[in-house]
Amino acid sequence: MILFILRRLVSVAVTFFVVSLIIFFMMHAIPGGPFDGNDMPVSQAVRDKLMARLGLDQPLWVQYTRYMWGVLQFDFGVPYQSPGETVTQLLSRAWIPSLVLGGLGVLIGAPLGILLGMAAALNRNTWIDYFASTLATLGLTIPVFVTSMLLILVFAVWLGWLPASGWGKPERWILPITAYALIPLATYARYTRSAMLDTLNKQFVTVLRAKGLSESRIVFQHVLRNSAIPLVTVFLPMFIGTATGSIFVEAMFRVPGLGAYFVSSIETRDYPLEMALMLMITFMYCIAYLLSDVVYALINPRIRVGGGQ
């Protein structure tokens, strides 16, 4: 196990380096620069001074080396669109709404999806199964911005029960959390139903029933545990993807989270912020998959993460 974790950590470091190279040179391959837009017109002399001050007049390999040396010291630079704070301060401030709303969305949607999938699998070919399958299919196929608009239209405009947008008061969290929760709910409902149906058809389930074990014990102690591996695969990456902000959900509900900065950093050529966002996402996904592999072995001892059975 220790050797496996060490190998994966080396893989994380290599992936981190490769992604940093790709993102850095792709950003600089896009025509234009941070001071070329119409929103902040400056003279050529002022532009040259700003470029020199930020080191953007240096060769790309020099800029990359300087930036990555700062990253190794947890210094991600200063965002061009918010020069009064560092990138780390900006991300720490903007991540709170995304983490709260997206994280709660997954933590609420995933258990509900598991329960819905279990109900569908245990009541196969009944109205419960058809309802769960239909709800899961709609949740996966309808774009999240359409779902968000429907939530606003029904609960904020027609019924007037909840505020349509904003951040701060808990009642403003309900609609965006619901929009976030629908994706894990639909995903987990489908995964759970499929995995449990496959496990219920295994021979060992028939043996357990022949031994006289209660159906609830068979389902919760044996079937659900053997069906958990695909659920573990989905959870951490989905949590990270949701908790780091959704461009559409945050735009629809006017949430001041990370989502908007993924777009604005590209539009304004905010190189330090864009690099920090992409490196953060890369690192978190790598760690998520590493933890998922370790949890595999804890759930099912027959799996040997070091290779071999």
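Given the structure is predicted, the values throughout are model-derived calculations rather than measurements.
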Colleague: Which atom names give the shortest non-hydrogen contact between Pro272 and Val78, and what distance separates them?
Modeller: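 Here Pro272 and Val78 meet closest at CG-O, 3.7 Å.
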
Colleague: Can you list every ring pair (Phe, Tyr, Trp, His ring centres under 6.0 Å) pair that touches residues 157-178, not counting sequence neighbours?
Modeller: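 Every pair satisfying ring pair (Phe, Tyr, Trp, His ring centres under 6.0 Å) with a residue in residues 157-178: Trp167-Trp173.
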
Colleague: Can you give each donor-acceptor pair under 3.5 Å made by side-chain atoms of residues 106-117, sequence neighbours left out, with the distance rounded to 0.1 Å?
Modeller:
none

Colleague: Kindly list each side-chain donor-acceptor pair under 3.5 angstrom involving residues 273-287, sequence neighbours excluded, with atom names and distances?
Modeller:
{"unit_1": "Thr282", "atom_1": "OG1", "unit_2": "Met278", "atom_2": "O", "d": "2.8"}

Colleague: In terms of hydrophobic clusters joined by side-chain contacts under 4.5 Å, are Met149 and Leu159 together?
Modeller: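 Cluster IDs for Met149 and Leu159 match.
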
Colleague: Spell out, as yes or no, whether a donor-acceptor pair under 3.5 Å connects the side chain of Asp270 to the backbone of Gln81.
Modeller: yes

Colleague: Can a donor-acceptor pair be found, under 3.5 Å and without considering hydrogens, that links the side chain of Gln89 to the backbone of Thr86?
Modeller: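 Checking the backbone N and O of Thr86 against the side chain of Gln89, a donor-acceptor pair under 3.5 Å is found.
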
Colleague: Which heavy-atom pair separates Pro256 from Pro97 by the least distance, and what is that distance?
Modeller: O-CG, 3.6 Å

Colleague: Taking only residues two or more places apart in sequence, or in another chain, which ones meet Glu215 in a side chain to side chain donor-acceptor pair (under 3.5 Å)?
Modeller: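 So Glu215 forms a side chain to side chain donor-acceptor pair (under 3.5 Å) with Arg209.
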
Colleague: What residues form a salt bridge (charged side-chain N to carboxylate O under 4.0 Å, His left out) with Arg124, not counting sequence neighbours?
Modeller: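 Salt bridge (charged side-chain N to carboxylate O under 4.0 Å, His left out) list for Arg124, sorted by chain: empty.
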
Colleague: According to a 4.5 Å side-chain heavy-atom criterion applied to Ile, Leu, Val, Met, Phe, Trp and Tyr, with indirect links allowed, do Ile128 and Tyr130 form part of one hydrophobic cluster?
Modeller: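 No, Ile128 does not connect to Tyr130 through the hydrophobic network.
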
Colleague: Decide yes or no for Leu104 and Tyr180: does some side-chain heavy atom of the first lie under 4.5 Å from some side-chain heavy atom of the second?
Modeller: no

Colleague: According to salt bridge (charged side-chain N to carboxylate O under 4.0 Å, His left out), who are the partners of Asp198, at least two apart in sequence or on a separate chain?
Modeller: Lys202

Colleague: If you look at every heavy atom in Gly105 and Pro184, which pair is closest and at what distance?
Modeller: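 Shortest heavy-atom contact: O-CG, 3.8 Å.
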
Colleague: Taking all heavy atoms of Val157 and all of Leu153, pick out the closest pair and write down the distance.
Modeller: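 The answer is CB-O, 3.3 Å.
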
Colleague: May I ask you to test the Leu231-Ser227 pair for a side-chain heavy-atom distance under 4.5 Å?
Modeller: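 No, every pair of side-chain atoms sits at 4.5 Å or beyond.
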
Colleague: To the nearest 0.5 Å, what is the distance between CG on Leu101 and CD1 on Ile96?
Modeller: 11.5 Å

Colleague: Between OG1 of Thr187 and CG of Leu182, what distance do you get to the nearest 0.5 Å?
Modeller: 10.5 Å

Colleague: Test question: given the 4.5 Å side-chain rule for I, L, V, M, F, W and Y, name all other residues clustered with Leu197, or answer none.
Modeller: none

Colleague: Could you state the interatomic distance from OG1 (Thr88) to CG (Asp75), rounded to the nearest 0.5 Å?
Modeller: 7.0 Å

Colleague: Are any non-hydrogen side-chain atoms of Val223 and Leu200 less than 4.5 angstrom apart?
Modeller: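 When only atoms from C-beta onward are counted, Leu200 and Val223 do touch, with a gap below 4.5 Å.
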
Colleague: With a cut-off of 6.0 Å (strictly less than), are more than 12 heavy atoms of other residues, nucleotides or ligands near CD of Gln73?
Modeller: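 More than 12 within 6.0 Å, yes.
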
Colleague: Would you compute the distance between atom CG of Leu135 and atom CG of Leu185 and round it to the nearest 0.5 angstrom?
Modeller: 6.0 Å

Colleague: Quick check on the hydrophobic clustering: are Ile266 and Val263 connected, directly or via other members, by side-chain heavy-atom contacts under 4.5 Å?
Modeller: no

Colleague: Using the rule that two of Ile, Leu, Val, Met, Phe, Trp, Tyr join whenever any of their side-chain heavy atoms come within less than 4.5 Å, decide whether Val249 and Val154 are in one cluster.
Modeller: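 Yes, it is one cluster - the side chains of Val249 and Val154 are joined through contacts under 4.5 Å.
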
Colleague: Tell me every residue that passes side chain to side chain contact (heavy atoms under 4.5 Å, CB included) with Leu150, counting only those two or more places apart in sequence or in another chain.
Modeller: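 With sequence neighbours excluded, Leu150 shows a side chain to side chain contact (heavy atoms under 4.5 Å, CB included) to Val146, given in chain and number order.
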
Colleague: If you link I, L, V, M, F, W and Y whenever their side-chain heavy atoms are under 4.5 Å apart, who else ends up in the same group as Trp69?
Modeller: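 Taking Ile, Leu, Val, Met, Phe, Trp and Tyr as members, Trp69 shares its hydrophobic cluster with Leu72.
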
Colleague: Please tell me if the side chains of Tyr80 and Leu54 come closer than 4.5 Å, counting only heavy atoms from C-beta onward.
Modeller: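 Sidechains of Leu54 and Tyr80: in contact.
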
Colleague: Would Tyr191 and Val234 satisfy side-chain contact (heavy atoms from CB on, under 4.5 Å), going step by step from the backbone distance to the final call?
Modeller: CA-CA 9 Å; Tyr191 271 86; Val234 176; 3.7 Å; yes

Colleague: Dump the intermediate steps for side-chain contact (heavy atoms from CB on, under 4.5 Å) on Met252 and Val144, then the final yes or no.
Modeller: CA-CA 10 Å; Met252 294 299 299; Val144 68; over 6 Å; no

Colleague: Less than 3.5 Å apart, any donor N or O on the side chain of Glu85 or Ser82 sitting next to an acceptor on the other?
Modeller: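 Note: Glu85 and Ser82 side chains meet the donor-acceptor criterion.
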
Colleague: Going by heavy atoms in the side chains, are Met196 and Val219 under 4.5 Å from each other?
Modeller: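 They are in side-chain contact.
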
Colleague: I'd like to know if the side chain of Tyr67 and the backbone of Gly77 have a donor-acceptor N/O pair within less than 3.5 Å.
Modeller: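 Pair absent, no side-chain N/O of Tyr67 close to backbone of Gly77.
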
Colleague: Only counting residues at least two apart or in another chain, list the ones meeting ring-ring contact (aromatic ring centres under 6.0 Å, His included) with Phe145.
Modeller: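 Listed in chain order: Phe248.
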
Colleague: Can you find a pair of side-chain heavy atoms, one from Phe155 and one from Leu175, that are under 4.5 Å apart?
Modeller: yes

Colleague: Does Arg254, at its CZ atom, have more than 12 non-hydrogen atoms belonging to other residues, nucleotides or ligands within less than 6.0 Å?
Modeller: no

Colleague: Taking side chain to side chain donor-acceptor pair (under 3.5 Å) as the definition, give me every residue that meets it alongside Glu267, ordered by chain and number, with sequence neighbours left out.
Modeller: none

Colleague: Within the supplied structure, the quantity of interest is the number of heavy atoms (other residues, nucleotides, ligands) at a distance under 6.0 Å from Phe204 CZ; does it exceed 12?
Modeller: yes

Colleague: Can you measure from CE (Met118) to CG (Asn123) and round to the nearest 0.5 angstrom?
Modeller: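 Taking CE in Met118 and CG in Asn123, the distance rounds to 10.5 Å.
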
Colleague: Over all heavy atoms of both residues, which pair between Glu171 and Leu162 is shortest? Give the atoms and the distance, please.
Modeller: O-CD2, 4.1 Å

Colleague: Donor-acceptor pairs under 3.5 Å, side chain of residues 12-28 to any protein atom, not counting sequence neighbours: which ones?
Modeller:
{"unit_1": "Thr15", "atom_1": "OG1", "unit_2": "Ser11", "atom_2": "O", "d": "2.8"}
{"unit_1": "Ser20", "atom_1": "OG", "unit_2": "Phe16", "atom_2": "O", "d": "3.4"}
{"unit_1": "Ser20", "atom_1": "OG", "unit_2": "Phe17", "atom_2": "O", "d": "2.6"}
{"unit_1": "Ser20", "atom_1": "OG", "unit_2": "Tyr64", "atom_2": "OH", "d": "2.7"}
{"unit_1": "His28", "atom_1": "ND1", "unit_2": "Phe24", "atom_2": "O", "d": "2.9"}
{"unit_1": "His28", "atom_1": "NE2", "unit_2": "Gln63", "atom_2": "OE1", "d": "3.3"}

Colleague: When you compare the side chain of Arg269 with that of Ile30, does any pair of heavy atoms fall below 4.5 Å?
Modeller: yes

Colleague: Looking only at heavy atoms, what is the nearest atom pair of Ser98 and Gly259, with distance?
Modeller: OG-N, 4.3 Å

Colleague: To the nearest 0.5 Å, what is the distance between CD1 (Ile142) and OG (Ser148)?
Modeller: 11.5 Å

Colleague: Are any non-hydrogen side-chain atoms of Asp129 and Arg193 less than 4.5 angstrom apart?
Modeller: yes

Colleague: Apply side-chain contact (heavy atoms from CB on, under 4.5 Å) to residues Thr137 and Arg190 and explain how you reach the verdict.
Modeller: CA-CA 8 Å; Thr137 302; Arg190 289 187 62 85; 3.6 Å; yes

